[in-house]
Amino acid sequence: MPAIVVNPLNEYHLNFLKDLNNQNQDLRVFISDNQPKEFIELVPGKKAIGDIKDDSHISTACHGAFCAIYFEDDLKELRGVFINSINNSSTSRIIWVSKFEPSDEVLKIKNLTYVLIDSNSDYASKVLDLENAENLDSSVIDLKRV
């Protein structure tokens with residue numbers, strides 16, 4: 001089933017994208033036009049490059065994807081953008097990865113699994129498992145290392 005990853009930011013995300021591309025075979029990526037050209041060139045899959053703060057760009061890129069994986073990371077200012085893009089897309093499964101506790105507004109989103117991380121979390125394999133699972137219950141998975 002098609003998957004889209006929204007907002008890859010770093011080397012860890014690149015490695016995750018390579019693994020997801022191998023697992024899924026129909027990878028799409030929405031990447032900020034603020035990312036360096038060299039980084040964008042390393043991103044596998046079908047790329048949509050645009051304004052990460054424009055929810056309509058993101059929801060349009062999500063069209064036809066079954067699963068959307070959002071990397072909020074530590075950019076809390078994207079929360080409203082991500083919520084609006086999810087509400088305006090037809091995506092069936094949402095995986096939200098963030099360093100921030102989920103808000104009530106986020107937890108109201110249907111078919112959402114929230115993965116709470118910190119800077120030391122190794123979350124790639126968990127997100128790959130979630131993307132590949134037959135069914136998911138809406139939940140919060142805390143992967144913060146104490």
Check whether any side-chain heavy atom of [X] sits under 4.5 Å from a side-chain heavy atom of [Y], and report yes or no.
X    : Y    : answer
V6   : I52  : yes
T113 : I141 : yes
F66  : T91  : no
H63  : T60  : no
W96  : I69  : no
P8   : L14  : no
D118 : L143 : no
F39  : I31  : yes

Applying the 4.5 Å side-chain criterion to the ILVMFWY set and letting contacts propagate, would [X] and [Y] be lumped into a single cluster?
X    : Y    : answer
I94  : F82  : yes
V5   : I86  : no
L112 : V127 : no
V97  : L107 : no
V140 : L130 : no

Inset, instruction - Only pairs at least two apart or in different chains count here, so list each side-chain hydrogen bond (donor to acceptor under 3.5 Å, both in side chains) that has a residue in residues 99-109. - result: none
Legend entry - Pair E131-N24, side-chain donor/acceptor within less than 3.5 Å: yes
Inset, instruction - State, without any angle test, whether D137 and S139 hold a side-chain donor-acceptor pair at a distance under 3.5 Å. - result: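 Per modelled atom types, D137 and S139 side chains form no pair under 3.5 Å.
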Point-to-point distance, once rounded to the nearest 0.5 Å, from [atom1] of [X] to [atom2] of [Y]:
X   : Y    : atom1 : atom2 : result
I95 : C67  : CD1   : SG    : 4.0 Å
S92 : K110 : OG    : NZ    : 12.0 Å
L42 : Q35  : CG    : CD    : 11.0 Å
L9  : D73  : CG    : CG    : 5.5 Å

Inset, instruction - Determine, stepwise, if the pair F16 / L128 fulfils side chain to side chain contact (heavy atoms under 4.5 Å, CB included). - result: CA-CA 8 Å; F16 167 78; L128 287 169; 3.7 Å; yes
Heavy-atom pair of closest approach, residues [X] and [Y]:
X   : Y   : answer
G64 : P2  : O-CG, 3.5 Å
K53 : V81 : O-CG2, 3.6 Å
S59 : S85 : CB-O, 3.3 Å

Inset, instruction - Determine, step by step, whether I58 and D55 satisfy the side chain to side chain contact (heavy atoms under 4.5 Å, CB included) criterion, reporting the C-alpha distance in whole Å, the side-chain angles of both residues, the deciding distance to 0.1 Å, and the verdict. - result: CA-CA 5 Å; I58 298 169; D55 60 271; 5.6 Å; no
Inset, instruction - Would you check, one step at a time, whether the test side chain to side chain contact (heavy atoms under 4.5 Å, CB included) holds for E72 with N7? - result: CA-CA 7 Å; E72 183 179 38; N7 199 35; over 6 Å; no
Legend entry - Residues S98, Y70; criterion side chain to side chain donor-acceptor pair (under 3.5 Å); working and verdict: CA-CA 8 Å; S98 179; Y70 285 77; over 6 Å; no
Inset, instruction - Give a yes or no answer on whether the side chain of K18 reaches the backbone of P44 with a donor-acceptor pair at less than 3.5 Å. - result: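 Not confirmed, K18 side chain does not pair with P44 backbone.
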Inset, instruction - Applying side-chain contact (heavy atoms from CB on, under 4.5 Å) between V43 and each of L27, V29, I49, N21, report the one that passes. - result: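 Of L27, V29, I49, N21, side-chain contact (heavy atoms from CB on, under 4.5 Å) with V43 is met by V29 alone.
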Inset, instruction - Assign the ring pair H57 / F30 to parallel, tilted or perpendicular, where the plane angle (0 to 90°) is split at 30° and 60°. - result: tilted
Inset, instruction - Using the six-membered ring wherever Trp is involved, compare the ring planes of Y12 and Y123 and label them parallel, tilted or perpendicular (cut-offs 30° and 60°). - result: tilted
Inset, instruction - Could you please spell out the steps behind the side chain to side chain contact (heavy atoms under 4.5 Å, CB included) verdict for I40 and D33? - result: CA-CA 9 Å; I40 293 171; D33 55 6; over 6 Å; no
Legend entry - Residues in salt bridge (charged side-chain N to carboxylate O under 4.0 Å, His left out) contact with D74, at least two apart in sequence or another chain: none
